[in-house]
S.K.: 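There's a structure below that I have some questions on.
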Amino acid sequence: RDVEVVHHHAAARAVLRSVEDPLTTDQVNSGGTLRLLVAARDAGVRRVVLASSSSVYGGAEILPTPETAPLLPRSPYAVSKLAGEHYARVFSELFELETVSLRYFNVFGPRQRPDSMYAAVIPLFIGALLDGEQPVIHGDGTQFRDFTYIDNVLQANRLAASAPADAVSGRAFNIACGERHSILETLELISRLLDIPANPTFTATRAGDVRQSCADISAARAAMGFEPAVDFEDGMARTVAWFTDHR
């Protein structure tokens, strides 16, 4: 009640977890998003900004990938995120509730946990090297991602909350830097910033992982003035510095 804008980031995250427990992922992500939209509608909220994911593309063949690319999710997590987007669009069409879905591409930054079995690759690499261990790479390491520093995501959420409804409501937008960096390149940069040699162990590719990911961010730029302010190397330097200071 008495809330104008809701930012919805709650989720059962991680592709691997969703493969292991698809039912819980659906109940939390699809069902939870629907419950939130109903509550927002009933309370008279003006706009809901939802955290979606680049995983909805399922490793698109079009690179950089625009929002118009085919959506072929490859994991229960990705399916649940896409379901949330569809619910948001439908609520914007049927009810007086503005919705904006933001497809984040591999967000990283300070405070990301390295101690979870579902931890993301960047905190895992940093944590392993600082602990005197060698990182594990799933696959051959040449797969690439569009890593997006957290400050860029914060900026996108602020813009999505205030952009004109006729430009953004009912739509989904890529939020990224529009760059591609391989897993091996990412580890080499972390190793250099920490000044710790890296000799990774290679294991099998994980179920549900995509081979390549890189965003076309022109739609977000045009609709709400999004422009990433922190590039990959600067964001990585800030992240490594934070982890080093908070050991």
Side-chain angles (χ1 to χ4, degrees), residues 1-15 17-18 21-58 66-69 71 73 75-107 109 111-112 118 120 148-176 215 217 219-228:
R1 297 187 183 92
D2 302 319
V3 169
E4 182 184 4
V5 178
V6 172
H7 291 269
H8 175 36
H9 289 81
R13 62 176 184 82
V15 168
R17 175 185 287 171
S18 79
D21 187 1
L23 185 59
T24 296
T25 296
D26 181 75
Q27 290 171 337
V28 171
N29 295 356
S30 306
T33 297
L34 177 57
R35 289 184 179 89
L36 178 69
L37 290 168
V38 170
R41 178 202 63 182
D42 294 348
V45 169
R46 177 177 65 86
R47 181 172 298 181
V48 177
V49 180
L50 298 94
S52 187
S53 168
S54 61
S55 64
V56 299
Y57 295 113
E67 289 83 352
T68 54
L71 304 177
S75 68
Y77 170 79
V79 170
S80 71
K81 283 297 186 181
L82 183 54
E85 286 191 15
H86 285 313
Y87 275 129
R89 176 185 52 79
V90 167
F91 268 65
S92 73
E93 295 172 356
L94 297 180
F95 310 111
E96 294 183 359
L97 178 64
E98 300 166 7
T99 64
V100 188
S101 298
L102 303 181
R103 293 173 180 166
Y104 301 151
F105 279 66
N106 299 95
V107 182
R111 300 181 180 85
Q112 208 170 12
Y118 303 110
T148 308
Y149 187 65
I150 183 61
D151 284 16
N152 298 323
V153 172
L154 296 175
Q155 175 199 6
N157 275 264
R158 296 187 186 103
L159 292 169
S162 59
D166 58 358
V168 299
S169 184
R171 297 180 62 186
F173 296 95
N174 294 335
I175 301 302
I217 58 173
R221 183 182 290 120
M224 55 186 180
F226 173 70
E227 196 67 55

S.K.: Mind listing the closest non-hydrogen atom pair of A163 and M224 along with its distance?
M.R.: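 Scanning both residues completely, I find the closest heavy atoms to be CB-CB, 3.7 Å.
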S.K.: Just jot down the salt bridge (charged side-chain N to carboxylate O under 4.0 Å, His left out) partners of R47, sequence neighbours excluded, or say none.
M.R.: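 Only E98 meet the salt bridge (charged side-chain N to carboxylate O under 4.0 Å, His left out) criterion with R47.
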S.K.: Please check if any side-chain donor atom of S101 sits under 3.5 Å from a side-chain acceptor atom of E85, or the reverse.
M.R.: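 No, E85 and S101 have no side-chain donor paired with an acceptor closer than 3.5 Å.
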S.K.: Could you measure the distance from the CG atom of N29 to the CG atom of L34? Nearest 0.5 Å is fine.
M.R.: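 Taking CG in N29 and CG in L34, the distance rounds to 12.5 Å.
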S.K.: Which value, rounded to the nearest 0.5 Å, describes the distance between T99 atom OG1 and H8 atom NE2?
M.R.: 11.5 Å
S.K.: How long is the span from the CG atom in L159 to the CG atom in L154, to the nearest 0.5 Å?
M.R.: 11.0 Å
S.K.: Is the backbone N or O of S30 less than 3.5 Å from a side-chain atom of K81, with the two atoms forming a donor-acceptor pair by type?
M.R.: no
S.K.: Can you tell if the side chain of L97 reaches within under 4.5 Å of the side chain of S92, non-hydrogen atoms only?
M.R.: no
S.K.: Under the 3.5 angstrom rule, does the side chain of T148 hit a backbone N or O of F105 as a donor-acceptor pair?
M.R.: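 The answer is yes, because a donor-acceptor pair under 3.5 Å joins these two groups.
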S.K.: Say whether Y77 and D26, considering side chains only, have a donor N or O and an acceptor N or O under 3.5 Å apart.
M.R.: no
S.K.: Just by distance, with hydrogens left out, do N157 and Y104 show a side-chain donor and acceptor under 3.5 Å apart?
M.R.: yes
S.K.: How close do A78 and V56 get, heavy atom to heavy atom, and via which atoms?
M.R.: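 Closest heavy-atom pair between A78 and V56: O-CG1, 3.9 Å.
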S.K.: Side-chain contact, heavy-atom cut-off 4.5 Å: L50 with L102?
M.R.: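 The answer is no; the side chains never approach within 4.5 Å.
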S.K.: So, using salt bridge (charged side-chain N to carboxylate O under 4.0 Å, His left out) as the criterion, who are the partners of D151 when residues are at least two apart?
M.R.: R238
S.K.: Donor-acceptor pair, distance only, cut-off 3.5 Å: does the side chain of T33 make one with the backbone of G84?
M.R.: no
S.K.: Do R41's NZ or CZ and the ring of F95 fall within the cation-pi criteria of under 6.0 Å and 45°?
M.R.: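 That pair qualifies as a cation-pi contact.
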S.K.: Could you state the interatomic distance from CD (Q155) to OH (Y149), rounded to the nearest 0.5 Å?
M.R.: 13.5 Å
S.K.: Is there a side-chain contact between F91 and V48 (heavy atoms, below 4.5 Å)?
M.R.: no
S.K.: Could you check whether atom OH of Y87 has more than 12 heavy atoms from other residues, nucleotides or ligands sitting under 6.0 Å from it?
M.R.: no
S.K.: Could you check whether any side-chain heavy atom of V6 comes within less than 4.5 Å of a side-chain heavy atom of L36, counting everything from C-beta outward?
M.R.: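 Touching, per the 4.5 Å side-chain cut-off.
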S.K.: Closest approach of N106 and S54, non-hydrogen atoms and distance?
M.R.: OD1-OG, 4.4 Å
S.K.: For residues I150 and G109, report the shortest heavy-atom separation together with the two atoms involved.
M.R.: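 It is CG2-CA, 4.2 Å.
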S.K.: For the pair Q112 (side chain) and V107 (backbone), establish whether a donor and an acceptor sit closer than 3.5 Å, ignoring hydrogens and angles.
M.R.: yes
S.K.: Distance check, rounded to the nearest 0.5 Å: I175 atom CD1 versus S52 atom OG?
M.R.: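 Rounded to the nearest 0.5 Å, the CD1-OG separation comes to 11.0 Å.
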S.K.: Could you tell me whether the side chain of N174 and the main chain of R103 form a donor-acceptor pair under 3.5 Å?
M.R.: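 No, the answer is negative, given that no donor and acceptor are paired below the 3.5 Å cut-off.
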S.K.: Which atom pair, heavy atoms only, marks the closest approach of R46 to A161?
M.R.: NH2-O, 3.1 Å
S.K.: Determine, for R89 against E93, whether the closest basic-nitrogen to carboxylate-oxygen distance falls under 4.0 angstrom.
M.R.: yes
S.K.: How far apart are the closest heavy atoms of A223 and F173, and which atoms are they?
M.R.: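 Distance-wise, the nearest heavy atoms are CB-CE2, 3.6 Å.
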S.K.: With the threshold set at 4.0 Å, does a side-chain nitrogen-carboxylate oxygen contact exist between E227 and R221?
M.R.: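 Counted as a salt bridge, because a side-chain N and a carboxylate O are separated by less than 4.0 Å.
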